[in-house]
Structures are given as structure tokens and as C-alpha cells.
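Below, each value reflects all heavy atoms present in this structure, side chains not excepted, and no hydrogens, waters or symmetry copies. Predicted, not measured: the structure shown is a model, and the values here were computed from it. Letters go in sequence order (proteins before strands), and every chain restarts at 1.
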Amino acid sequence: MLKKTDGAKRTRIGGIAKLEDANWAGGRNANRCTLILTEGDSAKALAVSGLGAISGRDTFGVFPLRGKLLNVREASHDQIMKNVEIQNIKQILGLKHNHDYKSVDSLRYGQLMIMTDQDHDGSHIKGLIINFFDHFYPSLLRIPNFLVEFITPIVKVWKGKQEHTFYTMPEYEEWKAKNNDGRGWESKYYKGLGTSKATDAAKYFSAIDKHRLAFDPMKPEDRQLIDMAFNKKKADDRKEWLRQFKPGTYLDHDIKTIPLQDFVNKELILFSMADNIRSIPSVADGLKPGQRKVVFACFKRNLKKEIKVAQLGGYVSENTAYHHGEVSLTATIVGLAQNFVGSNNINLLEPNGQFGTRMQGGKDAASARYIFTNVPRMTRTIFHQADDAILNYLTEDGQRIEPEYYLPTVPMVLVNGADGIGTGWSTSIPNYNPKDIVANIRRLMNGEEQERMTPWFRGFNGTIERIENDKFKVSGIATKVDDKTIEITELPVRKWTQDFKEMIEEMTSGGKDGKTDASASVIKDYEEHHTDTTVHFKLHMKDSGMKAAEAEGFEKFFKLTSTITTSNMVCFDLQGKIKKYASPEEILADFYPKRLEFYSLRKQHLADELNKEFERLSNQARFVTMIIKKELIVNNKKKKDLVTELRELKFRPFPKGAKRPESESEDALEEEEEQGTDGDYDYLLGMAIWSLTAEKVCCPVGTITDIAGREASHSA
DNA sequence: CTGAAGGCTAC
DNA sequence: TCTCGTAGCCTTCAG
């Protein structure tokens, strides 16, 4: 029997505006037709443009998806039915519910082609499509060549007539490692389908066999793996799946067909890994990569005066190889600057403008083009500049980007807490009091035991008490003023004033959703006296309402409590492995020795720098002295000869500029250190001749010697 | 409900 | 009436 929502094999279907239907779809030659599902409208445009180049509109249809497809596996019937995306796909293909397909003859298309961006989120979308078919129409996945994908290169390299095309980054990385880091080869990156041009599209579709890759017919084992990947109840299985991930894994696209198992284990897994990396913070600095990129960019730009958030977003993108949407990035910047109760205890950025309030939990922030930010002094106190030189900076496309992690002077993951949802893993860490944290650091320094810490939120006036080992009760404040009046002056952390007001509104009208029911009303009227940082409701109670409230207790009656659990505190540890922490003290215990190590590294680095400066000044002093004593003649000599002379006299070369390119090998560096280029002697030769006049020499020489002497005793 | 991601629709 | 910018919405993922 046909269900109302089933598709049907019709030649023409209407009501799906974005569908570019194949001319032959649903007709005699329907089995020769391919429906291309694209990731968004711009990819659809690319496909349509490519089809134009090969006159493909008879046999190819195109339909754009809107980002992440519904995971139908555990979705409610209601949610599936009202999901426009799913319903459209059913209509376009002519899918019949519960039909056991032996062939594609009853469908409007004989083949489905997935065309997503060649990135991790694109892999996720492919997975969600496969999940949809596995769940509702597994028989279709068993038909050879029903499901195919369209792949586009992400890197091309060439040297003369030789050319290599790579479809995955790990594949490219592997090739680079084997080929002298790709030196001597020219390369081009293709980032996202949206950046492709019409000529690219024409090229792809003219050679469609190169870009079309079929999935293997589904085997029984495949179904279990797909379930493992998408079943909501199998997060623990996914943890195990991710634990055995081997770095460098990728799906080789130089094959005839893709086993679905390989898709899950070699491609989808890369999304899941990336999902965790972007969602779960490091225990070292409490930052996720997106946040770390923002902080790095602010330091790099050496922000002194305020900058528009939208503009900072652009700067971050350019300078840190950020490859995602700007909406996401500006939200990250805003989040770092928020300071209302329940957000950051120490906001790393300054909120100049409307960055959101506790009225709506920050959702009331103004648009990024209206608001400004800056780096508060505190941020550079915590992320100390003296550590910059000893951090491990990452590179991407030859660009030096943010460090693997910062190491703030206090564990910021505890100060500001963290929330994140990845794959298999999620994390939830509450805020703690910096004073408590520092006190515990002191205890560790003295070899004492840490004291147990309780979550703490700056500006919060209510109470937080431990009710279980990893459970805390958070209470707001309600006070009886007189027989008819109750004041509410604090809400539980992260209960937003707006939401609470809606409840008060219902208690006043006695109804829900605009309906009123006077008999259920318990509040006669109420006043609001909030400021931007405090909560203050004055409730004029009905007599019956006051009675009921007192009988139940204000806390319960007004829902003025919430709980914080500390049973899911997950971070990337200092080895880069995902780790669940049992307590904030355990987090501190991981952080502390690394910070100590960094203090000694910092000290060593500073000492090295001072020694270098000492040597430089000593050399200059010796240089001047030799000239005065006429042991060295500089007049009328060529620079080249003079440098040779300086080398013979064992003057040390000092290169100009702080850093050399990192690609140079250690050996080359050391050799250059000893010999130095001619320019490396400019610190001597550049000393202006006028400073060697009779009047000036007596004094400066003494001064230089003095300074050198002082520096020497410092570094010793 | 949280937040870093993918995306479009409607105003 | 059309275009532009964007607020507001849908989706994933774990607990």
C-alpha cells in the first residue's frame, strides 16, 4: 500500500523549487539518471554549470542539501516527517517506505551521487546520507552503483610534465614526507567547492569518470559500523573506535569502489577526530583551537587600541589559517569577551559594546560590526609575553600560526570552565575561583596536599554547595519582605533572567502560551528592578499564592535551584590525548609540573638572551676601544676587508632580525652562527662614526663597560 | 541546554 | 519591484 508521504515514479514533480530535475527522470530511461545531492546552493551552481558543459541535463538532476542532514536513526517520527530535506529526497527519488528494492526500476533516478566539500564536515554529510539510506532503504545500498560520490582534488602538484593530484590532506602529507617536503614542486590548493570556477566545473564533468567513485554494495558488517557511527546510544563504542585511530590514516581514492567500512574507518573517522579537536579544550590553556587562534592573532597584532570584532575576525582568518565560517569565528570572539555572571570569570578580551548580558545568556549580543574589543592587561599577565619564545608554534601552508597550546600562569580551563560537544566525547567544566586555584598551586609548591575546590562564578550572589562527590546544588535568593511581597535577588548560575521572567509571567497570568487562567494565577503583579548585572524581581503575591509558596518552600516553588555536575570534565592532556578528569585538583595536578617546567625554560631563554646582549655590548665596547687605541683602523677600508679583519680578531657576528626561516637545518644555522654574513657585523660597523669623536669616546666607553659589567652579574 | 561547526529562509 | 545584509532558524554531537 502506498503511504501518503511515499514518493512515486512520475515524470514530473512540482513543489520543490530548488530541484533541477533530469529531463529523463521518472521516464523510460530513469535508470540511466543520476541525482546529484550537493552541500549547499553554491555547490549546486557548480554542478549545474558543469553539466552545461557536457549537455548532461537529460540524465543528471541536482538538488542542494542545507548543511547537516537529520540523523534519522533515533529521530522521532514527527521530526522525520516535518524535515523538509528528508521529505524532498523521498519525493525526488520516488522512494517507497519499507520497500525491499531488488532494482532501481521503480525509482525516478537509478543513481545517487553525493557532492560535498572535500573537507571533514563534507565527510560527515556523506555519512549522514549513508545513514539515512541504511536506516530506511538498506536494500538500495546493496544495489551496485546506486550510491556514488563526486570527488574533487584538494591539492595538485606539478614539476615539468609530472603531475600529482591529491584528494585528501594526509595523502598529500605522506607524499611530501617521501619527496623532500615537496621541494622543487609547484602546488595549488583547492579549498571547498565554492572556490571552484565554472571552468573547473567544466573540467570535472568532462572527465566525470575520474571524479566519480562508487561505494561497494553494502555488506552485513557495514551495517554494524554505520550503526556504531550514528546510533545515539553508542557513544562509548565511538570512544573505543577513536582510541584506536592511527595518525596518517586516509581513504585512498585511487581505487575502483569504496567499501562502506573503509568510508567509516578511514574517512568519517577523520571528521570525528577533528570534531573532538575543535570542541574540546586543552588542559594546558583551556582553549579550543578557534579560541587559541583568536588569542594568537590579538598578540600577533599587538592590539593596543580597540578593534571592531568583525575586523578582528578577518585578521584572525588571514593570520591563522582559519578555514570555517566567519559567523562561527565572531561568535568565538564574542564568547571570549563576555563577562556577565555565568560566563567568564576572567574574560581574555575586553567587551566594548553590547556583548550580551545575563538577561539572555549572551544571546543578546550586538552584531559583530557594531562592537569592539581589545586585549586587557590581565590577559598578557596570564599569557605572559616572556613565554612566547618557548612555545611550539604550528605551521600551515608555510605560515606560522598559533602554538600547539599556550601555558598561562594559572590553569585557565578551571578559571573560565569549558563546554564542548565532540564525537564520542563531550566536556563540561564549571568555573572556579582563581584565588582557590592559586592557593592550591601554593600548596603544591610547598609539597602539601591540595584542598578540594568548589565551583565559583564571579559576581554570583547565591550559594553553591556540594551534595555528592561530583554534584553541587546551586541556589538563587528569594526573601519574604512582608505578607504580600517576595523579592528574588539572585537566580541559579546560567538561569537567564528572561527565561525566569517568562515563568513569573505565567504565574501571574495563570496560563501558558498566551492563554490565561485567572484561577491558576498565584502572583497579583510584579515589578522589575534589575541592573545589567543584578537580578531583582519584586513579586506581589496573592494570598493563596503566598500560602502555596511558603508551603512548598520558595526555592522549589520558584525553581530557584540547579545542579552542577563535575562527572564529565574532559580535556586534551599535555600528550595531546583525550582524557577524562575526576576532579579539578587532578586537572591542576596535570597542569602544575608543566608550568614549572616552562618557568625553567623561560628562565633559561631569558638568560640566553641577556648573555647574547652582554656579548654584543662587550664586543661593541672592545671594538670602540680598539679603534681609540688605534689597534684597529676603520678609515678608508672596504667593508668586506674590514669584516675579514673582524673575523680574525674573533668578533662575534650578530644577525639582524630575530628569527631565521625555520626550514633551515640545524647544521646550517650553527655554521652561520660562527662565521656570520657580512651584514651580521653591522652592529659594529653601524655604530655611527660621529660617536667616535674625541668628545664622545671617553664617556660612552665607560658607560658601555659599566652596562656590560652589570649584565654579566645579572645573568650569573 | 550547551557551542563550534555545516547551511538556508525570510525580512 | 528588486537587491543587499543579516537575524533567525534548521541540522550534528554527549550528557
Side-chain angles (χ1 to χ4, degrees), chain A residues 17-18 38-44 64-75 79-80 82-86 88 116-117 119-129 131-132 192-194 229-239 242 268 271-272 274-281 287-294 310 322-336 338 342-343 360-370 417-430 470 492-496 499 562-570 578 580:
Chain A
K18 296 231 164 163
T38 65
E39 179 180 347
D41 288 358
S42 54
K44 174 193 159 186
L65 299 174
R66 295 183 283 199
K68 301 281 167 102
L69 187 69
L70 180 70
N71 179 352
V72 291
R73 192 160 296 257
E74 275 93 23
Q79 195 180 15
I80 294 168
K82 71 165 203 257
N83 187 283
V84 181
E85 208 84 275
I86 297 289
N88 281 342
T116 63
D117 285 354
D119 58 19
H120 294 139
D121 288 286
S123 299
H124 189 207
I125 292 170
K126 286 181 213 169
L128 288 160
I129 295 171
N131 175 60
F132 165 62
L193 291 170
F230 290 103
N231 190 321
K232 301 269 183 218
K233 281 169 257 160
K234 298 203 169 162
D236 285 340
D237 293 1
R238 287 189 279 279
K239 286 187 179 74
L242 291 167
L268 184 64
F271 162 76
S272 302
D275 190 26
N276 284 331
I277 288 167
R278 74 188 181 194
S279 304
I280 290 170
L287 298 173
K288 301 164 186 169
Q291 299 171 319
R292 197 175 296 113
K293 283 176 190 293
V294 171
Y322 181 84
H323 301 308
H324 307 286
E326 64 186 35
V327 180
S328 197
L329 182 56
T330 51
T332 298
I333 298 173
V334 168
L336 285 169
Q338 286 175 329
S343 61
Q360 295 180 56
K363 289 190 181 71
D364 43 351
S367 166
R369 69 184 190 283
Y370 298 129
D419 286 290
I421 308 165
T423 300
W425 301 87
S426 67
T427 188
S428 178
I429 303 172
D470 51 12
V493 173
R494 288 184 159 194
K495 179 155 222 168
W496 313 119
D499 299 337
S562 68
T563 52
I564 291 176
T565 54
T566 52
S567 52
N568 189 34
M569 303 199 294
V570 178
I578 209 158
K580 181 163 170 173

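Nucleic acid contact class of A:E326 (heavy atoms, under 4.0 Å, all strands): none. Using a 4.0 Å heavy-atom distance criterion, A:R238 is classed as a sugar-phosphate-only contact. Heavy atoms of A:T116 sit nowhere under 4.0 angstrom from any nucleic acid atom. Among the protein residues, A:G424 comes within range of the sugar-phosphate backbone only, with heavy atoms under 4.0 Å from sugar or phosphate atoms but none that close to a base. Backbone-only engagement by A:K239 is indicated by non-hydrogen atom pairs under 4.0 Å involving sugar-phosphate atoms exclusively. In this structure, A:K44 reaches neither bases nor backbone, as no heavy-atom distance under 4.0 Å exists between it and the strands shown. Within 4.0 Å (heavy atoms only), A:H120 reaches no atom of the nucleic acid at all.
Side-chain contact check for A:L287 versus A:P281: every heavy-atom pair is 4.5 Å or farther apart.
For A:A331, the side chain to side chain contact (heavy atoms under 4.5 Å, CB included) test picks out no residue, with sequence neighbours left out. Under the rule for a salt bridge (Lys or Arg N to Asp or Glu O under 4.0 Å), A:K495 has no partner lying at least two apart in sequence or in another chain. Among residues two or more places apart in sequence or in another chain, the salt bridge (Lys or Arg N to Asp or Glu O under 4.0 Å) test is passed with A:R73 by A:D134, A:D227. With sequence neighbours left out, the ring pair (Phe, Tyr, Trp, His ring centres under 6.0 Å) criterion links A:F271 to A:H124.
Residue-to-nucleotide proximity on DNA chain C shows that, of A:R369 and A:N71, the 5′-proximal contact is made by A:R369. Summary of the strand contacts: A:Y370 and A:K82 both lie near DNA chain C, and taking for each the nucleotide with the nearest heavy atom, the more 5' one is attributed to A:Y370.
To the nearest 0.5 Å, atom CG of residue A:L329 and atom CD of residue A:Q291 are 11.0 Å apart. Between A:M569 atom CE and A:S426 atom OG the span is 12.5 Å, to the nearest 0.5 Å.
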Exercise. Reading nucleotides 4-11 of chain B 5' to 3', which nucleotides get B (base under 4.0 Å from a protein heavy atom), which S (sugar-phosphate only), which -?
Worked result: SSBSSS--

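Nucleotides of DNA chain C that come within less than 4.0 Å of any heavy atom of chain A span, from the 5' end to the 3' end, C:dT6 to C:dG15.
Salt-bridge formation is not detected for the pair A:D41/A:K44: no Lys NZ or Arg NE/NH1/NH2 atom is positioned less than 4.0 Å from an Asp or Glu carboxylate oxygen.
Between A:H324 and A:R278, the shortest heavy-atom contact is CE1-NH1, 4.1 Å.
The side chain of A:K363 contributes an N or O atom lying less than 4.0 Å from OP1 or OP2 of B:dT2.
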